[in-house]
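Everything on this sheet refers to the single structure shown next.
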Amino acid sequence: MTTYPDIRFKKVEGVGYDLFEVTEDCFVPSIQTIIPKGQTTDFASIPRIFWAFIPPYGRATNPSIPHDFLYEKSKTMSRIEVDKLFLVDLIRADVPIWQCVLMYTAVRWFGEKAWRKHRF
């Protein structure tokens, strides 16, 4: 088992988009939970047109994994708590602050559909 931010993952082959899978359980101390082996993520769901400004990979990769996991599995945290954790993790990962603000704003504006998908 690893400890966040050391998350091990690999690309899932045979799907029509970039999908990645956690290859070893990872303990996340800030939320006292384990992201299990097999959890999938597309990292930051950024439309290709914006990749020049906010790349889907890089410093934001690791913060995106717990965010995706919590959107799918959290039963105890609210959406705003999950999104705030994402912002804190982005800042800790040394993502430029203007990108942190844009990414946080994007999940607040556009994340409702993804959140609700796993709630009903």
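By convention here, the first residue in the shown sequence is residue 1. This one's a predicted model, so the numbers in the text were calculated from it and none came from an experiment.
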Contacts of T41 that satisfy side chain to side chain donor-acceptor pair (under 3.5 Å) - sequence neighbours left out = D68
Would you tabulate the side-chain donor-acceptor contacts of residues 30-40 under 3.5 Å, counting partners in other chains and residues two or more places apart, or write 'none'?
unit_1	atom_1	unit_2	atom_2	d
Q32	NE2	P29	O	2.9
Q39	NE2	E72	OE1	3.2

Working for side chain to side chain contact (heavy atoms under 4.5 Å, CB included), residues D18 and K11 | CA-CA 7 Å; D18 287 345; K11 188 171 182 2; 3.0 Å; yes
Identify each donor-acceptor pair in which a side-chain atom of residues 92-106 lies under 3.5 Å from a protein atom, sequence neighbours left out, and give them as a table.
unit_1	atom_1	unit_2	atom_2	d
Q99	NE2	F53	O	2.7
T105	OG1	V101	O	2.7

Check against side chain to side chain contact (heavy atoms under 4.5 Å, CB included), T3 and M1 = CA-CA 7 Å; T3 301; M1 179 180 305; 5.8 Å; no
With sequence neighbours left out, what residues match E112 under salt bridge (charged side-chain N to carboxylate O under 4.0 Å, His left out)?
-> R79, R116
Salt bridge (charged side-chain N to carboxylate O under 4.0 Å, His left out) partners of D25, counting only residues at least two apart | none
Using the test ring-ring contact (aromatic ring centres under 6.0 Å, His included), find all partners of Y4 that sit at least two apart in sequence or belong to another chain.
-> none
Heavy atoms only: give me the nearest A60-P63 pair and the separation to one decimal.
-> O-CD, 3.4 Å
Interatomic distance, CD1@I80 vs CG@L85, rounded to 0.5 Å, equals 12.5 Å
Heavy-atom closest pair, residues V82 and M77 | CG2-CB, 3.8 Å
With sequence neighbours excluded, what pairs up with F69 under the ring-ring contact (aromatic ring centres under 6.0 Å, His included) test?
-> none
Those residues at least two apart in sequence (or on a different chain) that pass salt bridge (charged side-chain N to carboxylate O under 4.0 Å, His left out) with D42 are none
Sorted by chain and residue number, the side chain to side chain contact (heavy atoms under 4.5 Å, CB included) partners of F50 (sequence neighbours excluded) come out as I46, P47
Shared ILVMFWY cluster between F110 and V107, side chains joined below 4.5 angstrom?
-> no
Among all residues two or more places apart in sequence or in another chain, which pass the salt bridge (charged side-chain N to carboxylate O under 4.0 Å, His left out) test with D89?
-> none
Side-chain donor or acceptor of S74 paired with backbone N/O of Y71 under 3.5 Å | no
L87/I91 under side chain to side chain contact (heavy atoms under 4.5 Å, CB included): CA gap, chis, key distance, verdict = CA-CA 6 Å; L87 176 61; I91 292 167; 4.1 Å; yes
K10: partners by side chain to side chain donor-acceptor pair (under 3.5 Å), with sequence neighbours left out = none
Rounded to the nearest 0.5 Å, the OG1 atom of T2 sits from the CD atom of E24 at a distance of 5.0 Å
Can you name the closest pair of heavy atoms from P66 and N62 and give their distance?
-> CD-O, 2.8 Å
From E21 CD over to I65 CD1, what is the distance, rounded to the nearest 0.5 angstrom?
-> 11.5 Å
Looking only at non-hydrogen atoms, find the nearest pair between T76 and E81 and report the distance.
-> O-OE1, 4.1 Å
Which is it for L90 and R59 under the side chain to side chain contact (heavy atoms under 4.5 Å, CB included) test, yes or no, and what are the steps along the way?
-> CA-CA 8 Å; L90 288 169; R59 292 181 183 166; over 6 Å; no
Under the ring-ring contact (aromatic ring centres under 6.0 Å, His included) rule, collect the residues that match up with Y57, sequence neighbours excluded.
-> F20, F43
